[in-house]
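Report on the structure given below.
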Amino acid sequence: MHDDTPPITAEVLDPVVNCAIVKLSSRAFPGVLLQGDTLYTMYCRAQHALAGLDPATHEDEHDTLADLVEHLGECLGVYERTLARCGYSYYTGA
């Protein structure tokens, strides 16, 4: 089987620590590369904020923050599974 799909390359536009700007050849716009420990910290902080927000008095804000926590958790899950598959250990804060 021969795959004619061109390889995806990455161009680092700005290597800022914990917030590098990277352009994938397969995407129209550059993205932000967050370090895994930074992603984990953001996820934990969003979870903490969600736990302190009363859904009965702040329903819209609670729902919005719950969506953010879910999305960050999904990104963190992809990160952790990818590192495990590739033989890397990852920071969990534990």
Side-chain angles (χ1 to χ4, degrees):
M1 183 173 157
H2 182 69
D3 187 0
D4 290 332
T5 305
I8 296 174
T9 60
E11 177 186 3
V12 178
L13 302 176
D14 194 343
V16 177
V17 175
N18 286 332
C19 189
I21 308 303
V22 178
K23 168 69 173 74
L24 295 178
S25 60
S26 61
R27 299 297 306 245
F29 294 99
V32 177
L33 176 102
L34 293 174
Q35 293 301 118
D37 58 333
T38 301
L39 175 60
Y40 178 79
T41 299
M42 291 171 67
Y43 173 69
C44 290
R45 288 180 178 171
Q47 277 188 314
H48 181 75
L50 181 61
L53 192 60
D54 182 6
T57 57
H58 297 95
E59 183 179 358
D60 289 341
E61 294 86 351
H62 185 275
D63 291 348
T64 298
L65 190 53
D67 287 344
L68 175 62
V69 168
E70 181 179 352
H71 184 69
L72 288 172
E74 289 168 357
C75 291
L76 187 60
V78 169
Y79 173 78
E80 292 173 344
R81 287 188 301 276
T82 301
L83 265 57
R85 184 182 73 239
C86 295
Y88 289 92
S89 61
Y90 53 87
Y91 177 79
T92 62

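In what follows, residues are counted from 1 in the order of the sequence shown. As the structure is a prediction and not an experimental result, all values here were calculated from the model. The basis for the numbers below is simple: all heavy atoms, side chains too, and nothing from hydrogens, waters or symmetry mates.
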Rounded to the nearest 0.5 Å, what's the gap from CD on Glu61 to CG on Leu50? Could you check? 12.0 Å
Roughly how far, to the nearest 0.5 Å, is the OH atom of Tyr88 from the CD atom of Glu80?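 Glu80 CD to Tyr88 OH: 16.0 Å, rounded to 0.5 Å.
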Who passes side-chain contact (heavy atoms from CB on, under 4.5 Å) against [X], sequence neighbours left out?
X     : result
Ser25 : Ile8, Thr9
His48 : none
Ala10 : Val22, Leu24
Pro55 : His62

So, applying side-chain contact (heavy atoms from CB on, under 4.5 Å) with Ile21, which one of Leu33, Leu13, Val16 is it? Leu13
Should Gln35 and Val17 be marked as a side chain to side chain contact (heavy atoms under 4.5 Å, CB included) after you check the CA-CA gap, both sets of side-chain angles, and the distance that decides it? CA-CA 8 Å; Gln35 293 301 118; Val17 175; 5.9 Å; no
With sequence neighbours left out, what residues match [X] under side-chain hydrogen bond (donor to acceptor under 3.5 Å, both in side chains)?
X     : result
Asp14 : none
Thr38 : Asn18
Gln47 : Tyr43

Throw together a table of side-chain donor-acceptor distances under 3.5 angstrom for residues 69-78, partners on residues two or more places apart or in other chains.
none

